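So the structure is just underneath, and the comments pick up after that.
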Amino acid sequence: MASIAGAVNDFRQLDLLAAGDTVVHRLDARAKVLVTLAFILAVVSLGKYELAALFPFFLYPAVIMALGNLPVRQIAGKILVVLPFALMVGMFNPLFDQTVLVRLGPLGISGGWLSLASILVRATLTVGAALILVAVTGFPAICHALDQLGMPRIFTVQLLFLYRYLFVLTEEGGRTARARELRAFGKKGLGWRTYGSLLSQLLLRTWLRAERIHLAMLARGFTGEFHPRRTTRFGTRDFLFLAGWSGVFLFFRLVNVSQLLGTIVTGGRG
Amino acid sequence: MSHHIVEVKDLRHVYPDGTEALRGVSFRITHGESVAVIGANGAGKSTLLLHLNGYLATSQGSIRIGDFPLTAATLPEIRRTVGMVFQDPDDQLFMPTVFDDVAFGPLNLGLTGDEVEERVHGALARVGAGHLRDKPPYRLSGGEKKRVAIATVLAMSPDILVMDEPTSGLDPFARRQLMGLLKNFHHTKIFTSHDLDMVLELCERTIVLHEGEVRADGPTLDIFRDEALLAACRLEKPFAMQGCPVCGKPFPPVSRR
(Lines give C-alpha, C1' and ligand atoms only; values in the text may rest on other atoms or scores of the structure.)
Protein backbone atom coordinates (compact mmCIF):
# COMPACT_ATOMS: atom_id res chain seq x y z
CA MET A 1 0.00 0.00 0.00
CA ALA A 2 2.90 2.30 0.77
CA SER A 3 4.11 2.18 -2.82
CA ILE A 4 0.64 3.02 -4.12
CA ALA A 5 0.46 5.95 -1.74
CA GLY A 6 3.90 6.96 -3.02
CA ALA A 7 2.76 6.77 -6.63
CA VAL A 8 -0.26 8.93 -5.85
CA ASN A 9 1.97 11.39 -4.10
CA ASP A 10 4.15 11.53 -7.22
CA PHE A 11 1.05 12.27 -9.25
CA ARG A 12 0.21 15.08 -6.89
CA GLN A 13 3.66 16.58 -7.39
CA LEU A 14 3.22 16.36 -11.14
CA ASP A 15 -0.05 18.17 -10.83
CA LEU A 16 1.63 20.90 -8.79
CA LEU A 17 3.87 21.62 -11.76
CA ALA A 18 0.73 22.43 -13.74
CA ALA A 19 0.30 25.56 -11.63
CA GLY A 20 3.32 27.06 -13.46
CA ASP A 21 2.96 30.06 -15.70
CA THR A 22 5.12 29.67 -18.80
CA VAL A 23 4.46 29.99 -22.53
CA VAL A 24 3.55 26.31 -22.66
CA HIS A 25 1.31 26.47 -19.59
CA ARG A 26 -0.63 29.36 -21.07
CA LEU A 27 -1.52 27.52 -24.28
CA ASP A 28 -5.07 26.25 -24.70
CA ALA A 29 -5.42 22.75 -23.23
CA ARG A 30 -7.03 21.48 -26.44
CA ALA A 31 -3.95 22.38 -28.48
CA LYS A 32 -1.72 20.51 -26.05
CA VAL A 33 -3.98 17.46 -25.94
CA LEU A 34 -4.12 17.28 -29.75
CA VAL A 35 -0.36 17.75 -30.16
CA THR A 36 0.26 14.98 -27.63
CA LEU A 37 -2.13 12.71 -29.51
CA ALA A 38 -0.41 13.49 -32.83
CA PHE A 39 2.96 12.80 -31.22
CA ILE A 40 1.88 9.45 -29.82
CA LEU A 41 0.27 8.43 -33.13
CA ALA A 42 3.40 9.32 -35.10
CA VAL A 43 5.68 7.46 -32.68
CA VAL A 44 3.51 4.36 -32.45
CA SER A 45 2.89 4.06 -36.18
CA LEU A 46 6.57 3.67 -37.09
CA GLY A 47 7.64 0.16 -38.16
CA LYS A 48 9.04 -2.13 -35.49
CA TYR A 49 12.63 -2.07 -36.77
CA GLU A 50 12.79 1.66 -37.39
CA LEU A 51 14.85 2.50 -34.35
CA ALA A 52 16.87 5.31 -35.91
CA ALA A 53 13.75 7.13 -37.10
CA LEU A 54 12.52 7.39 -33.48
CA PHE A 55 15.36 9.53 -32.17
CA PRO A 56 14.36 12.84 -33.80
CA PHE A 57 11.12 12.65 -31.81
CA PHE A 58 13.04 13.41 -28.61
CA LEU A 59 13.09 16.99 -29.86
CA TYR A 60 9.48 17.51 -28.73
CA PRO A 61 9.81 16.49 -25.05
CA ALA A 62 13.14 18.31 -24.85
CA VAL A 63 11.69 21.58 -26.16
CA ILE A 64 8.53 21.43 -24.04
CA MET A 65 10.42 20.55 -20.86
CA ALA A 66 12.80 23.44 -21.46
CA LEU A 67 10.04 25.95 -22.25
CA GLY A 68 7.74 24.65 -19.53
CA ASN A 69 10.52 24.77 -16.95
CA LEU A 70 9.94 21.15 -15.91
CA PRO A 71 12.41 19.24 -13.71
CA VAL A 72 13.98 16.68 -16.06
CA ARG A 73 15.03 14.35 -13.25
CA GLN A 74 11.54 14.10 -11.80
CA ILE A 75 9.95 13.30 -15.15
CA ALA A 76 12.72 10.83 -16.05
CA GLY A 77 12.25 9.09 -12.70
CA LYS A 78 8.57 8.57 -13.40
CA ILE A 79 9.30 7.17 -16.87
CA LEU A 80 11.74 4.68 -15.31
CA VAL A 81 8.89 3.31 -13.19
CA VAL A 82 6.99 2.33 -16.34
CA LEU A 83 9.91 0.97 -18.38
CA PRO A 84 10.02 -2.50 -16.74
CA PHE A 85 6.53 -3.14 -18.12
CA ALA A 86 7.72 -2.25 -21.62
CA LEU A 87 10.71 -4.51 -21.09
CA MET A 88 8.39 -7.40 -20.28
CA VAL A 89 6.49 -6.83 -23.51
CA GLY A 90 9.60 -7.10 -25.63
CA MET A 91 11.99 -9.28 -23.63
CA PHE A 92 11.47 -12.43 -25.73
CA ASN A 93 11.90 -10.68 -29.07
CA PRO A 94 15.67 -11.35 -29.24
CA LEU A 95 14.99 -15.09 -28.78
CA PHE A 96 12.29 -15.40 -31.40
CA ASP A 97 13.63 -13.02 -34.02
CA GLN A 98 17.28 -13.84 -34.71
CA THR A 99 17.58 -12.64 -38.30
CA VAL A 100 20.57 -10.33 -38.46
CA LEU A 101 19.47 -6.99 -39.83
CA VAL A 102 22.34 -4.64 -39.07
CA ARG A 103 26.09 -5.29 -39.08
CA LEU A 104 28.42 -3.11 -37.05
CA GLY A 105 31.77 -4.50 -38.13
CA PRO A 106 31.96 -8.05 -36.77
CA LEU A 107 28.87 -7.57 -34.58
CA GLY A 108 25.53 -8.62 -36.09
CA ILE A 109 22.43 -7.14 -34.53
CA SER A 110 19.31 -9.27 -34.91
CA GLY A 111 15.82 -7.95 -35.59
CA GLY A 112 14.75 -9.05 -32.12
CA TRP A 113 17.19 -6.76 -30.37
CA LEU A 114 16.24 -3.92 -32.67
CA SER A 115 12.52 -4.32 -31.97
CA LEU A 116 13.14 -4.61 -28.22
CA ALA A 117 15.10 -1.38 -28.28
CA SER A 118 12.43 0.30 -30.34
CA ILE A 119 9.73 -0.78 -27.85
CA LEU A 120 11.72 0.75 -24.99
CA VAL A 121 12.37 3.99 -26.84
CA ARG A 122 8.74 4.23 -27.85
CA ALA A 123 7.57 3.64 -24.28
CA THR A 124 9.92 6.37 -23.08
CA LEU A 125 8.62 8.79 -25.70
CA THR A 126 4.90 8.14 -25.29
CA VAL A 127 4.87 7.91 -21.48
CA GLY A 128 7.08 10.97 -21.34
CA ALA A 129 4.73 12.90 -23.59
CA ALA A 130 1.73 11.96 -21.45
CA LEU A 131 3.50 12.97 -18.22
CA ILE A 132 4.58 16.25 -19.79
CA LEU A 133 1.02 16.92 -20.87
CA VAL A 134 -0.22 16.53 -17.28
CA ALA A 135 2.66 18.63 -15.94
CA VAL A 136 2.03 21.58 -18.26
CA THR A 137 -1.77 21.39 -18.36
CA GLY A 138 -3.16 19.84 -15.17
CA PHE A 139 -5.62 16.98 -15.05
CA PRO A 140 -8.88 18.95 -14.72
CA ALA A 141 -7.94 21.13 -17.70
CA ILE A 142 -7.21 18.02 -19.77
CA CYS A 143 -10.65 16.63 -18.90
CA HIS A 144 -12.21 19.94 -19.83
CA ALA A 145 -10.35 19.93 -23.16
CA LEU A 146 -11.48 16.37 -23.90
CA ASP A 147 -15.02 17.47 -23.14
CA GLN A 148 -14.75 20.39 -25.56
CA LEU A 149 -13.26 18.09 -28.18
CA GLY A 150 -16.41 16.01 -28.08
CA MET A 151 -15.72 13.20 -25.62
CA PRO A 152 -19.08 12.17 -24.06
CA ARG A 153 -19.52 14.15 -20.88
CA ILE A 154 -20.20 11.10 -18.76
CA PHE A 155 -16.59 10.01 -19.33
CA THR A 156 -15.08 13.38 -18.53
CA VAL A 157 -17.14 13.57 -15.35
CA GLN A 158 -16.01 10.05 -14.42
CA LEU A 159 -12.39 11.06 -14.97
CA LEU A 160 -12.79 14.18 -12.84
CA PHE A 161 -14.33 12.23 -9.98
CA LEU A 162 -11.65 9.58 -10.26
CA TYR A 163 -9.06 12.29 -9.95
CA ARG A 164 -10.76 14.04 -7.04
CA TYR A 165 -11.32 10.92 -4.96
CA LEU A 166 -8.10 9.10 -5.82
CA PHE A 167 -6.42 10.94 -2.98
CA VAL A 168 -9.24 10.36 -0.51
CA LEU A 169 -9.38 6.67 -1.40
CA THR A 170 -5.65 6.07 -1.10
CA GLU A 171 -5.59 7.85 2.25
CA GLU A 172 -8.44 5.67 3.45
CA GLY A 173 -6.78 2.53 2.08
CA GLY A 174 -3.50 3.55 3.68
CA ARG A 175 -5.17 3.98 7.08
CA THR A 176 -6.85 0.58 6.85
CA ALA A 177 -3.60 -1.10 5.84
CA ARG A 178 -1.78 0.59 8.72
CA ALA A 179 -4.41 -0.60 11.19
CA ARG A 180 -3.90 -4.15 9.94
CA GLU A 181 -0.15 -3.89 10.07
CA LEU A 182 -0.11 -2.56 13.63
CA ARG A 183 -2.02 -5.57 14.88
CA ALA A 184 -0.28 -8.17 12.71
CA PHE A 185 2.96 -7.98 14.75
CA GLY A 186 5.22 -8.45 11.77
CA LYS A 187 3.41 -11.58 10.61
CA LYS A 188 1.33 -11.79 7.51
CA GLY A 189 -1.86 -11.59 9.53
CA LEU A 190 -4.31 -14.14 8.23
CA GLY A 191 -2.74 -13.92 4.79
CA TRP A 192 -4.91 -13.33 1.77
CA ARG A 193 -8.14 -13.67 3.68
CA THR A 194 -7.58 -10.44 5.61
CA TYR A 195 -6.83 -8.65 2.37
CA GLY A 196 -10.13 -9.89 1.01
CA SER A 197 -12.17 -8.40 3.81
CA LEU A 198 -9.97 -5.32 3.85
CA LEU A 199 -10.76 -4.67 0.20
CA SER A 200 -14.46 -5.32 0.65
CA GLN A 201 -14.46 -2.84 3.54
CA LEU A 202 -12.87 -0.29 1.29
CA LEU A 203 -15.39 -0.97 -1.46
CA LEU A 204 -18.34 -0.59 0.91
CA ARG A 205 -16.93 2.62 2.31
CA THR A 206 -16.41 3.95 -1.19
CA TRP A 207 -20.00 3.08 -1.97
CA LEU A 208 -21.30 4.92 1.08
CA ARG A 209 -19.15 7.92 0.27
CA ALA A 210 -20.46 7.93 -3.29
CA GLU A 211 -23.98 8.09 -1.87
CA ARG A 212 -23.07 10.99 0.39
CA ILE A 213 -21.47 12.85 -2.50
CA HIS A 214 -24.56 12.32 -4.60
CA LEU A 215 -26.60 13.67 -1.73
CA ALA A 216 -24.37 16.74 -1.54
CA MET A 217 -24.83 17.25 -5.27
CA LEU A 218 -28.61 16.93 -5.04
CA ALA A 219 -28.62 19.37 -2.15
CA ARG A 220 -27.08 21.93 -4.48
CA GLY A 221 -29.60 21.54 -7.26
CA PHE A 222 -27.88 18.88 -9.37
CA THR A 223 -30.25 17.52 -12.02
CA GLY A 224 -27.86 15.31 -13.98
CA GLU A 225 -26.41 18.08 -16.09
CA PHE A 226 -22.88 19.40 -15.62
CA HIS A 227 -22.31 23.01 -16.52
CA PRO A 228 -18.79 23.80 -17.64
CA ARG A 229 -17.72 27.18 -16.39
CA ARG A 230 -14.69 28.22 -18.36
CA THR A 231 -14.98 29.47 -21.88
CA THR A 232 -11.45 29.24 -23.20
CA ARG A 233 -10.39 30.75 -26.47
CA PHE A 234 -8.48 28.83 -29.08
CA GLY A 235 -6.24 31.61 -30.41
CA THR A 236 -3.74 32.02 -33.23
CA ARG A 237 -0.90 31.05 -30.92
CA ASP A 238 -2.62 27.75 -30.08
CA PHE A 239 -3.29 27.09 -33.74
CA LEU A 240 0.35 27.72 -34.63
CA PHE A 241 1.48 25.40 -31.81
CA LEU A 242 -0.79 22.66 -33.07
CA ALA A 243 -0.02 23.09 -36.78
CA GLY A 244 3.72 23.54 -36.23
CA TRP A 245 4.27 20.45 -34.13
CA SER A 246 1.92 18.31 -36.23
CA GLY A 247 3.96 19.32 -39.29
CA VAL A 248 7.20 18.43 -37.52
CA PHE A 249 5.84 15.03 -36.46
CA LEU A 250 4.62 14.33 -39.99
CA PHE A 251 8.05 15.18 -41.35
CA PHE A 252 9.81 12.96 -38.78
CA ARG A 253 7.36 10.19 -39.59
CA LEU A 254 7.83 10.34 -43.36
CA VAL A 255 11.53 11.21 -43.58
CA ASN A 256 14.11 9.29 -41.61
CA VAL A 257 15.96 12.32 -40.27
CA SER A 258 18.71 10.28 -38.56
CA GLN A 259 19.56 8.64 -41.86
CA LEU A 260 19.34 11.92 -43.70
CA LEU A 261 21.76 13.53 -41.24
CA GLY A 262 24.10 10.55 -41.56
CA THR A 263 24.06 10.84 -45.33
CA ILE A 264 24.81 14.54 -45.19
CA VAL A 265 27.66 14.11 -42.69
CA THR A 266 29.30 11.22 -44.52
CA GLY A 267 28.78 12.93 -47.86
CA GLY A 268 26.49 10.29 -49.26
CA ARG A 269 29.00 7.46 -48.96
CA GLY A 270 26.94 5.51 -46.39
CA MET B 1 -41.22 36.43 6.10
CA SER B 2 -42.91 33.10 6.24
CA HIS B 3 -40.45 31.39 3.91
CA HIS B 4 -37.90 30.95 6.67
CA ILE B 5 -40.16 28.66 8.67
CA VAL B 6 -39.53 24.96 9.19
CA GLU B 7 -42.50 22.96 10.37
CA VAL B 8 -42.30 19.24 11.05
CA LYS B 9 -45.49 17.40 12.03
CA ASP B 10 -45.63 13.89 13.44
CA LEU B 11 -42.66 12.78 11.33
CA ARG B 12 -41.99 9.05 11.29
CA HIS B 13 -39.29 7.21 9.44
CA VAL B 14 -38.72 3.49 9.21
CA TYR B 15 -35.61 2.27 7.39
CA PRO B 16 -36.02 -0.66 4.96
CA ASP B 17 -34.44 -2.99 7.54
CA GLY B 18 -37.26 -2.19 9.98
CA THR B 19 -35.35 0.22 12.23
CA GLU B 20 -37.68 2.92 13.50
CA ALA B 21 -35.42 5.97 13.41
CA LEU B 22 -38.04 8.66 13.99
CA ARG B 23 -41.21 8.06 15.94
CA GLY B 24 -43.52 11.03 15.62
CA VAL B 25 -41.28 14.10 15.72
CA SER B 26 -42.98 17.53 15.68
CA PHE B 27 -41.57 21.03 16.00
CA ARG B 28 -41.81 24.46 14.43
CA ILE B 29 -38.85 26.72 13.87
CA THR B 30 -39.54 30.32 12.94
CA HIS B 31 -37.65 32.99 11.08
CA GLY B 32 -34.16 33.79 12.33
CA GLU B 33 -34.11 31.22 15.11
CA SER B 34 -30.92 29.35 15.89
CA VAL B 35 -31.81 25.86 17.03
CA ALA B 36 -29.67 22.92 18.12
CA VAL B 37 -30.81 19.34 17.72
CA ILE B 38 -28.92 17.24 20.23
CA GLY B 39 -29.09 13.67 21.38
CA ALA B 40 -27.06 10.49 21.83
CA ASN B 41 -25.62 8.52 18.91
CA GLY B 42 -28.47 6.85 17.09
CA ALA B 43 -31.11 9.19 18.49
CA GLY B 44 -32.27 10.09 14.97
CA LYS B 45 -30.51 13.43 14.40
CA SER B 46 -29.03 12.58 11.01
CA THR B 47 -32.22 10.93 9.81
CA LEU B 48 -34.11 14.08 10.75
CA LEU B 49 -31.68 16.33 8.88
CA LEU B 50 -31.87 14.18 5.75
CA HIS B 51 -35.61 14.77 5.70
CA LEU B 52 -35.30 18.54 5.81
CA ASN B 53 -34.21 18.81 2.20
CA GLY B 54 -36.10 15.83 0.97
CA TYR B 55 -33.31 13.31 0.60
CA LEU B 56 -35.23 10.77 2.65
CA ALA B 57 -38.94 10.40 2.06
CA THR B 58 -41.21 10.47 5.10
CA SER B 59 -42.84 7.22 6.14
CA GLN B 60 -45.56 9.26 7.80
CA GLY B 61 -46.17 12.87 8.77
CA SER B 62 -45.41 16.09 6.92
CA ILE B 63 -42.77 18.77 6.54
CA ARG B 64 -43.34 22.37 5.49
CA ILE B 65 -40.50 24.65 4.53
CA GLY B 66 -41.71 28.20 4.29
CA ASP B 67 -44.83 28.35 2.15
CA PHE B 68 -44.39 24.92 0.60
CA PRO B 69 -45.17 21.45 1.83
CA LEU B 70 -42.29 19.16 0.95
CA THR B 71 -43.36 17.20 -2.13
CA ALA B 72 -41.68 16.02 -5.31
CA ALA B 73 -42.91 19.14 -7.12
CA THR B 74 -41.49 21.60 -4.59
CA LEU B 75 -38.22 19.74 -4.10
CA PRO B 76 -36.00 21.96 -6.32
CA GLU B 77 -37.24 25.14 -4.60
CA ILE B 78 -36.84 23.58 -1.17
CA ARG B 79 -33.31 22.44 -1.90
CA ARG B 80 -32.42 26.01 -2.79
CA THR B 81 -34.07 27.34 0.37
CA VAL B 82 -32.45 24.85 2.73
CA GLY B 83 -28.67 24.96 2.52
CA MET B 84 -27.21 21.80 3.97
CA VAL B 85 -23.61 21.47 5.14
CA PHE B 86 -22.50 17.90 5.75
CA GLN B 87 -20.27 16.63 8.48
CA ASP B 88 -17.41 15.47 6.26
CA PRO B 89 -16.38 18.30 3.94
CA ASP B 90 -14.73 15.76 1.63
CA ASP B 91 -18.22 14.63 0.70
CA GLN B 92 -19.25 18.15 -0.12
CA LEU B 93 -16.26 19.36 -2.09
CA PHE B 94 -16.16 17.24 -5.22
CA MET B 95 -15.05 19.64 -7.95
CA PRO B 96 -11.43 20.16 -9.08
CA THR B 97 -11.00 23.60 -7.51
CA VAL B 98 -12.62 25.62 -4.75
CA PHE B 99 -14.01 28.05 -7.31
CA ASP B 100 -15.61 25.28 -9.38
CA ASP B 101 -17.09 23.80 -6.26
CA VAL B 102 -18.66 27.01 -5.02
CA ALA B 103 -19.91 27.72 -8.57
CA PHE B 104 -21.57 24.29 -8.83
CA GLY B 105 -24.79 25.34 -7.07
CA PRO B 106 -25.26 28.71 -8.80
CA LEU B 107 -24.64 27.07 -12.21
CA ASN B 108 -27.33 24.51 -11.41
CA LEU B 109 -29.66 27.38 -10.55
CA GLY B 110 -29.20 28.59 -14.12
CA LEU B 111 -26.97 31.59 -13.41
CA THR B 112 -24.24 32.46 -15.91
CA GLY B 113 -20.99 34.38 -16.34
CA ASP B 114 -20.65 37.43 -14.12
CA GLU B 115 -23.54 36.46 -11.84
CA VAL B 116 -21.78 33.22 -10.97
CA GLU B 117 -18.50 35.04 -10.48
CA GLU B 118 -20.24 37.49 -8.14
CA ARG B 119 -21.94 34.78 -6.10
CA VAL B 120 -18.74 32.79 -5.71
CA HIS B 121 -16.72 35.84 -4.80
CA GLY B 122 -19.32 36.95 -2.24
CA ALA B 123 -19.68 33.53 -0.64
CA LEU B 124 -15.93 32.97 -0.34
CA ALA B 125 -15.42 36.46 1.06
CA ARG B 126 -18.06 35.86 3.75
CA VAL B 127 -16.22 32.83 5.08
CA GLY B 128 -12.81 34.48 4.66
CA ALA B 129 -11.63 32.03 2.02
CA GLY B 130 -11.19 34.30 -1.00
CA HIS B 131 -7.50 33.41 -1.25
CA LEU B 132 -8.30 29.71 -1.63
CA ARG B 133 -10.35 30.01 -4.80
CA ASP B 134 -7.95 28.32 -7.20
CA LYS B 135 -6.81 25.57 -4.85
CA PRO B 136 -7.90 21.95 -5.24
CA PRO B 137 -9.93 20.78 -2.22
CA TYR B 138 -7.42 18.10 -1.21
CA ARG B 139 -4.83 20.74 -0.47
CA LEU B 140 -6.96 22.51 2.16
CA SER B 141 -6.71 22.08 5.91
CA GLY B 142 -9.71 20.80 7.89
CA GLY B 143 -10.82 24.27 8.95
CA GLU B 144 -10.43 25.64 5.42
CA LYS B 145 -12.42 22.74 3.98
CA LYS B 146 -15.23 23.42 6.43
CA ARG B 147 -15.35 27.11 5.60
CA VAL B 148 -15.35 26.40 1.86
CA ALA B 149 -18.11 23.80 2.36
CA ILE B 150 -20.20 26.54 4.01
CA ALA B 151 -19.42 28.88 1.11
CA THR B 152 -20.69 26.30 -1.41
CA VAL B 153 -24.04 26.48 0.34
CA LEU B 154 -24.07 30.26 0.89
CA ALA B 155 -23.53 30.76 -2.85
CA MET B 156 -27.05 29.47 -3.39
CA SER B 157 -28.42 32.17 -1.03
CA PRO B 158 -30.39 29.82 1.18
CA ASP B 159 -32.85 31.12 3.76
CA ILE B 160 -32.25 28.26 6.15
CA LEU B 161 -28.86 26.87 7.06
CA VAL B 162 -28.70 23.26 8.24
CA MET B 163 -25.38 21.94 9.52
CA ASP B 164 -24.45 18.47 10.70
CA GLU B 165 -21.76 18.62 13.41
CA PRO B 166 -20.25 21.95 12.31
CA THR B 167 -17.33 21.89 14.76
CA SER B 168 -16.33 18.23 14.58
CA GLY B 169 -12.71 17.57 13.70
CA LEU B 170 -11.60 21.19 14.00
CA ASP B 171 -8.73 22.45 16.13
CA PRO B 172 -9.69 24.94 18.88
CA PHE B 173 -8.69 27.96 16.81
CA ALA B 174 -10.59 26.84 13.71
CA ARG B 175 -13.59 25.98 15.89
CA ARG B 176 -13.59 29.42 17.45
CA GLN B 177 -13.23 31.04 14.04
CA LEU B 178 -16.15 29.02 12.65
CA MET B 179 -18.34 29.84 15.62
CA GLY B 180 -17.63 33.55 15.16
CA LEU B 181 -18.62 33.18 11.54
CA LEU B 182 -21.87 31.33 12.28
CA LYS B 183 -22.85 33.87 14.92
CA ASN B 184 -22.93 36.57 12.24
CA PHE B 185 -25.30 34.72 9.92
CA HIS B 186 -28.86 35.91 10.10
CA HIS B 187 -30.36 32.85 8.49
CA THR B 188 -32.63 30.47 10.31
CA LYS B 189 -30.08 27.98 11.62
CA ILE B 190 -30.42 24.33 12.58
CA PHE B 191 -27.37 22.52 13.92
CA THR B 192 -26.85 19.01 15.18
CA SER B 193 -23.88 18.61 17.46
CA HIS B 194 -22.23 16.84 20.35
CA ASP B 195 -20.29 20.02 21.04
CA LEU B 196 -22.62 21.29 23.74
CA ASP B 197 -20.48 24.31 24.52
CA MET B 198 -20.96 25.45 20.96
CA VAL B 199 -24.70 24.89 21.32
CA LEU B 200 -24.67 26.99 24.48
CA GLU B 201 -23.02 29.85 22.65
CA LEU B 202 -24.80 29.77 19.32
CA CYS B 203 -28.30 28.47 19.88
CA GLU B 204 -31.00 30.05 22.02
CA ARG B 205 -33.21 27.01 21.58
CA THR B 206 -32.48 23.29 21.84
CA ILE B 207 -34.42 20.22 20.81
CA VAL B 208 -33.41 17.00 22.54
CA LEU B 209 -34.01 13.80 20.57
CA HIS B 210 -34.08 10.48 22.33
CA GLU B 211 -34.78 7.19 20.59
CA GLY B 212 -36.56 8.87 17.71
CA GLU B 213 -38.76 11.14 19.81
CA VAL B 214 -38.57 14.75 20.94
CA ARG B 215 -37.82 14.46 24.65
CA ALA B 216 -37.50 18.18 25.29
CA ASP B 217 -37.76 21.42 23.34
CA GLY B 218 -37.04 24.79 24.92
CA PRO B 219 -34.53 27.49 25.80
CA THR B 220 -31.00 26.04 25.73
CA LEU B 221 -30.13 27.19 29.25
CA ASP B 222 -33.22 25.57 30.77
CA ILE B 223 -32.43 22.30 29.07
CA PHE B 224 -28.82 22.25 30.21
CA ARG B 225 -29.90 22.96 33.80
CA ASP B 226 -32.13 19.88 33.84
CA GLU B 227 -29.66 17.23 34.93
CA ALA B 228 -32.20 14.42 35.12
CA LEU B 229 -33.21 15.01 31.52
CA LEU B 230 -29.61 15.14 30.33
CA ALA B 231 -28.70 11.92 32.12
CA ALA B 232 -31.74 10.11 30.72
CA CYS B 233 -30.72 11.11 27.19
CA ARG B 234 -27.03 10.13 27.53
CA LEU B 235 -25.97 13.78 27.61
CA GLU B 236 -24.26 16.02 30.15
CA LYS B 237 -23.87 19.69 30.93
CA PRO B 238 -21.58 21.72 28.69
CA PHE B 239 -18.13 22.16 30.25
CA ALA B 240 -18.78 25.86 30.67
CA MET B 241 -21.62 25.01 33.07
CA GLN B 242 -19.74 22.32 35.01
CA GLY B 243 -17.57 23.12 38.02
CA CYS B 244 -13.97 24.24 37.95
CA PRO B 245 -11.81 21.16 37.20
CA VAL B 246 -9.24 22.18 39.85
CA CYS B 247 -11.26 23.27 42.91
CA GLY B 248 -14.64 21.77 42.04
CA LYS B 249 -16.50 25.00 42.77
CA PRO B 250 -19.35 25.81 40.41
CA PHE B 251 -18.74 28.69 38.03
CA PRO B 252 -20.81 31.85 38.46
CA PRO B 253 -24.11 31.58 36.55
CA VAL B 254 -23.70 31.63 32.78
CA SER B 255 -25.05 34.72 31.14
CA ARG B 256 -25.72 34.74 27.46
CA ARG B 257 -22.80 36.17 25.60
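All values derive from a computational prediction rather than experimental measurement. All chains are named by letter (A, B, ...) in the order of the sequence lines, taking the proteins before the strands, and each is independently numbered beginning at 1.
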Next on the checklist: For a quick check under 3.5 Å, do B:D17 and B:T19 share a side-chain donor-acceptor pair by atom type?
Outcome noted: yes
Item to check | B:F94 versus chain A, the contacting section by heavy-atom distance below 4.5 Å | outcome: both
Checklist entry - Is the A:W245 to A:Y60 ring centre distance short of 6.0 Å? => result yes
Checklist entry - In terms of heavy-atom proximity below 4.5 Å to chain B, should A:Y165 be classed as side chain, backbone, both, or neither? => result side chain
Checklist entry - Ion pair present between B:D90 and A:R212, side-chain N to carboxylate O less than 4.0 angstrom? => result no
Checklist entry - At a heavy-atom separation under 4.5 Å, does A:F222 approach chain B through its side chain, its backbone, both, or neither? => result both
Checklist entry - Between A:L160 and chain B, which part of the residue has a heavy atom less than 4.5 Å away: side chain, backbone, both or neither? => result side chain
Next on the checklist: Can you classify the ring geometry of B:Y138 versus A:Y163 as parallel (below 30°), tilted (30 to 60°) or perpendicular (above 60°)?
Outcome noted: perpendicular
Next on the checklist: Looking at B:E165 and B:K146, is any side-chain nitrogen of the basic one under 4.0 Å from a carboxylate oxygen of the acidic one?
Outcome noted: no
Item to check | Pick from B:G113, B:P76, B:P137, B:P136 with the largest number of heavy-atom pairs that fall under 4.5 Å of chain A | outcome: B:P137
Item to check | B:L50, part contacting chain A, at a heavy-atom distance under 4.5 Å | outcome: side chain
Checklist entry - Among side-chain atoms of B:T192 and B:D164, is any donor-acceptor pair under 3.5 angstrom? => result yes
Item to check | Portion of B:T152 that has a non-hydrogen atom of chain A nearer than 4.5 angstrom | outcome: both
